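Below is one structure, written out as structure tokens; comments come after it.
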Amino acid sequence: HSATDTFGNFKPYFELINGTFAGHPWGSGTKVTITNHEPTHPIVAMWEPEFQFVDEIYQYKNYDPTSVRVLLSLNMAKCTPKMPYMVPVSWVREVGQGRLFYTNLGHNEKTWTDPNFEKHMLTGFRWVFKLENGSATPNPELQEEENLKGALAVLEDMRPSLKNVLPDADALLAKAEKLAKEDKAAFKALM
């Protein structure tokens with residue numbers, strides 16, 4: 001859990017693990033909804049494609065989406081607070097001849113007695129030691145899609161407030177949603 005809150009100013013370390021703690025807007029008592037992007041990957045096979053969990057969730061700086069395969073992330077449409085970007089929860093990568101497994105879960109004492117979390121950790125260790133197979137090919141396209149979903153979730157949350165100040169808020173939000181689907185680069189620049 002706190003591996004990304006360690007050696008935050010030591011570039012070789014945060015480049016290895018692929019992130020540095022940048023706050024935890026989802027505190028230890030927050031129930032979050034997590035998307036399991038690869039229910040067949042052994043490290044996350046114990047969880048449903050979407051599940052709720054109560055734990056402290058970090059957001060990151062010094063994070064490179066092109067160097068890791070994200071297995072779990074927050075579903076921004078179903079979390080509070082919402083952020084206009086993807087928040088990964090667990091990822092893997094290959095480093096030289098070795099493997100790296102990271103999970104954000106593990107802050108709460110109750111997490112450590114959760115059977116699925118125990119399987120997650122054990123299988124993650126087994127995967128690192130090459131006793132389990134599962135892809136570590138980076139998935140930046142998936143992560144970019146999750147960024148867009150986060151931005152759209154924030155816009156949707158803003159709809160009632162925008163309608164109070166902009167009479168054509170629904171039309172503007174519809175244009176933003178269309179832009180997100182048809183021209184992701186332009187939508188990203190807009191956000």
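What you are looking at is a predicted structure, and each value in this text was computed from that prediction instead of being measured.
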Quick one: [atom1] on [X] to [atom2] on [Y], what's the gap to the nearest 0.5 Å?
{"X": "E56", "Y": "S2", "atom1": "CD", "atom2": "OG", "value": "9.5 Å"}
{"X": "E109", "Y": "D55", "atom1": "CD", "atom2": "CG", "value": "12.0 Å"}
{"X": "R99", "Y": "Q97", "atom1": "CZ", "atom2": "CD", "value": "11.0 Å"}
{"X": "D157", "Y": "L152", "atom1": "CG", "atom2": "CG", "value": "12.0 Å"}
{"X": "N36", "Y": "E48", "atom1": "CG", "atom2": "CD", "value": "8.5 Å"}
{"X": "M76", "Y": "M83", "atom1": "CE", "atom2": "CE", "value": "6.5 Å"}

Of the non-hydrogen atoms in [X] and [Y], which two are nearest, and what is the gap between them?
{"X": "L105", "Y": "F53", "result": "CD2-CD2, 3.9 Å"}
{"X": "T103", "Y": "M121", "result": "CG2-SD, 3.6 Å"}
{"X": "G134", "Y": "P42", "result": "CA-CD, 4.2 Å"}
{"X": "H107", "Y": "S28", "result": "CD2-CB, 3.4 Å"}
{"X": "N104", "Y": "Y60", "result": "OD1-OH, 2.9 Å"}
{"X": "I43", "Y": "G124", "result": "CG1-CA, 3.9 Å"}

Cluster link [X] to [Y], ILVMFWY, side chain under 4.5 Å:
{"X": "L131", "Y": "L100", "result": "no"}
{"X": "F10", "Y": "L16", "result": "yes"}
{"X": "L148", "Y": "V87", "result": "no"}
{"X": "L155", "Y": "Y85", "result": "no"}
{"X": "I34", "Y": "F101", "result": "yes"}

Could I get the full list of side chain to side chain contact (heavy atoms under 4.5 Å, CB included) partners for [X], not counting sequence neighbours?
{"X": "E118", "answer": "none"}
{"X": "L122", "answer": "R126"}
{"X": "P49", "answer": "P39"}

Between V92 and L71, does a side chain to side chain contact (heavy atoms under 4.5 Å, CB included) hold up when you go through it step by step? CA-CA 8 Å; V92 294; L71 303 176; 3.9 Å; yes
Ignoring hydrogens and angles, tell me if any N or O in the side chain of [X] forms a donor-acceptor pair with the backbone of [Y] under 3.5 Å.
{"X": "K130", "Y": "W127", "answer": "no"}
{"X": "Q59", "Y": "A22", "answer": "yes"}
{"X": "N108", "Y": "K110", "answer": "no"}
{"X": "T123", "Y": "K119", "answer": "yes"}
{"X": "S135", "Y": "T137", "answer": "yes"}

Does a donor on one side chain sit under 3.5 Å from an acceptor on the other, for N139 and Q143? yes
List the residues meeting ring-ring contact (aromatic ring centres under 6.0 Å, His included) with [X], not counting sequence neighbours, and say none if there are none.
{"X": "F51", "result": "W47"}
{"X": "Y102", "result": "W91"}
{"X": "Y13", "result": "F7"}

Decide yes or no on side chain to side chain contact (heavy atoms under 4.5 Å, CB included) for H120 and V44, but give the supporting numbers first. CA-CA 6 Å; H120 177 57; V44 293; 4.0 Å; yes
Using the side chain to side chain contact (heavy atoms under 4.5 Å, CB included) rule, take L72 and T35 through it: C-alpha gap first, then chi angles, then the decisive distance, then the call. CA-CA 6 Å; L72 303 174; T35 300; over 6 Å; no
E146 vs H37, side chain to side chain contact (heavy atoms under 4.5 Å, CB included): CA-CA, chis, key distance, verdict: CA-CA 10 Å; E146 292 302 307; H37 298 290; 3.5 Å; yes
Looking at R69 and E38, is there a salt bridge between them, counting it only when a charged N and a carboxylate O are closer than 4.0 Å?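 Here E38 pairs with R69 in a salt bridge, since their nearest N and O are under 4.0 Å apart.
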Tell me, do K82 and E156 make a side-chain contact under 4.5 Å, heavy atoms counted? no
When Y63, F14, Y58 are each screened for ring pair (Phe, Tyr, Trp, His ring centres under 6.0 Å) with F21, the one that passes is Y58
Can you name the one residue among N9, N18, T20 that meets side-chain hydrogen bond (donor to acceptor under 3.5 Å, both in side chains) with N62?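 Filter result, single survivor: T20.
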